[in-house]
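Report on the structure given below.
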Amino acid sequence: MRDGKPVPATGGDEPPPRDRFTVAIRPVPGADTDVLLLAGELDRDTVAPLRQAVEERLGVGRIVVDCSALDFCDSSGLNALLRARLRATEAGGRLELAGLRRPVDRMFEITGARAVFRVYGTVGEALAESGGEGGGTHGRER
């Protein structure tokens, strides 16, 4: 998000349709937490804004990725989220997911990636948790 507006995805040879994927950053007042709101289709052609947003937020202790408006995620998008989690961990923070919807949630289950992330039903649930070892679900727990 720049100047309060979501950043549309760019990448690949052809630009994706306008606003096919956006990332908006919402800092949480009084917490060392930012929420990244993903919307649209996360795929090979649209991962650049996600990568950029994560790199910009690496100093934050906790990043909660709100996937409630994410309609589609392919293997490139999944890989970008896995790398983002790794980068956040390397920087001393964490990256967690909230609001996974089908079929995105199904892809996370099938690939086993759901077990890697702390996953919350909603951003509100994620923010209500202290972010410690408790809370969230892993694997097939729900």
Side-chain angles (χ1 to χ4, degrees), residues 1-138 141-142:
M1 178 183 276
R2 296 210 196 291
D3 300 322
K5 296 179 184 176
V7 178
T10 59
D13 294 333
E14 290 291 319
R18 182 175 157 87
D19 296 336
R20 187 166 67 96
F21 177 75
T22 59
V23 179
I25 301 169
R26 182 175 56 105
V28 177
D32 192 20
T33 301
D34 280 354
V35 175
L36 298 185
L37 300 105
L38 308 186
E41 300 176 7
L42 180 59
D43 60 28
R44 178 183 66 86
D45 295 327
T46 63
V47 296
L50 173 62
R51 288 182 187 140
Q52 179 182 348
V54 169
E55 287 298 316
E56 290 174 2
R57 308 319 305 159
L58 284 179
V60 174
R62 183 179 186 208
I63 299 170
V64 177
V65 179
D66 181 356
C67 300
S68 63
L70 189 62
D71 299 320
F72 175 80
C73 180
D74 74 358
S75 60
S76 298
L78 174 61
N79 189 34
L81 287 166
L82 287 165
R83 287 178 191 250
R85 181 189 168 279
L86 181 60
R87 291 283 294 133
T89 302
E90 289 171 347
R94 20 183 228 284
L95 185 136
E96 302 165 341
L97 304 177
L100 287 176
R101 300 179 344 186
R102 295 219 179 264
V104 175
D105 188 37
R106 180 75 176 131
M107 186 196 51
F108 274 76
E109 281 183 31
I110 290 169
T111 61
R114 195 174 209 287
V116 173
F117 290 95
R118 183 167 308 280
V119 180
Y120 296 90
T122 66
V123 170
E125 290 173 11
L127 296 180
E129 291 292 328
S130 65
E133 290 304 310
T137 62
H138 295 278
E141 300 173 27
R142 290 199 213 201

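Side-chain atoms are counted along with the backbone in the values below, which use heavy atoms only and exclude waters and symmetry mates. Everything numeric here is computed off the predicted structure, so don't read it as measured data.
A side chain to side chain contact (heavy atoms under 4.5 Å, CB included) with Asp105 is found for exactly one of Leu97, Leu100, Ile110, namely Leu100.
Counting only heavy atoms from C-beta outward, the side chains of Met107 and Asp74 never approach each other to under 4.5 Å. At least one side-chain heavy atom of Glu55 sits under 4.5 Å from a side-chain heavy atom of Arg87. Looking at Phe72 and Asp43, their side chains come closer than 4.5 Å, going by heavy atoms from C-beta outward. Side-chain contact between Asp45 and Phe21: absent, with no pair of heavy atoms (C-beta onward) separated by less than 4.5 Å.
Between the side chain of Arg85 and the backbone N or O of Val116, at least one donor-acceptor pair lies under 3.5 Å. Side chain of Glu125 to backbone of Gly121: a donor-acceptor contact under 3.5 angstrom is found.
Closest non-hydrogen pair, Ala53 versus Ile25, comes out as CB-CD1, 4.1 Å. Across all their heavy atoms, Leu58 and Ala91 have their closest contact at O-CB, 3.7 Å. Here the shortest heavy-atom pairing between Ala113 and Leu82 reads CB-CD2, 4.4 Å. For the pair Val54 and Ala84, the tightest heavy-atom approach, listed with the atom from each and the gap, is CG2-CB, 3.7 Å.
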* To do: Report the C-alpha distance between Leu81 and Phe117 in whole Å, list the side-chain angles of each, state the deciding distance to 0.1 Å, and finish with yes or no for side chain to side chain contact (heavy atoms under 4.5 Å, CB included).
  => CA-CA 10 Å; Leu81 287 166; Phe117 290 95; 4.1 Å; yes

* Are Val119 and Glu96 close enough, and set up right, to give a side chain to side chain contact (heavy atoms under 4.5 Å, CB included), and what steps lead you there? -> CA-CA 6 Å; Val119 180; Glu96 302 165 341; over 6 Å; no

Solution key, residues 64-71 side-chain donor-acceptor pairs under 3.5 Å, sequence neighbours excluded:
from  : atom 1 : to     : atom 2 : distance (Å)
Asp66 : OD1    : Ser68  : N      : 2.9
Asp66 : OD1    : Ser68  : OG     : 2.7
Asp71 : OD1    : Arg101 : NH2    : 2.7

Tabulate below the donor-acceptor pairs under 3.5 Å that side-chain atoms of residues 28-42 make, not counting sequence neighbours, or state none.
from  : atom 1 : to    : atom 2 : distance (Å)
Asp32 : OD1    : Gly61 : N      : 3.2
Asp32 : OD2    : Gly61 : N      : 3.1
Asp34 : OD2    : Arg57 : NE     : 2.4
Asp34 : OD2    : Arg57 : NH2    : 2.6
Glu41 : OE1    : Arg20 : NH1    : 2.9

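Leu86 meets the side chain to side chain contact (heavy atoms under 4.5 Å, CB included) test with Glu90; sequence neighbours excluded.
For the atom pair CZ of Arg114 and CZ of Arg106, the computed distance is 11.5 Å after rounding to the nearest 0.5 Å.
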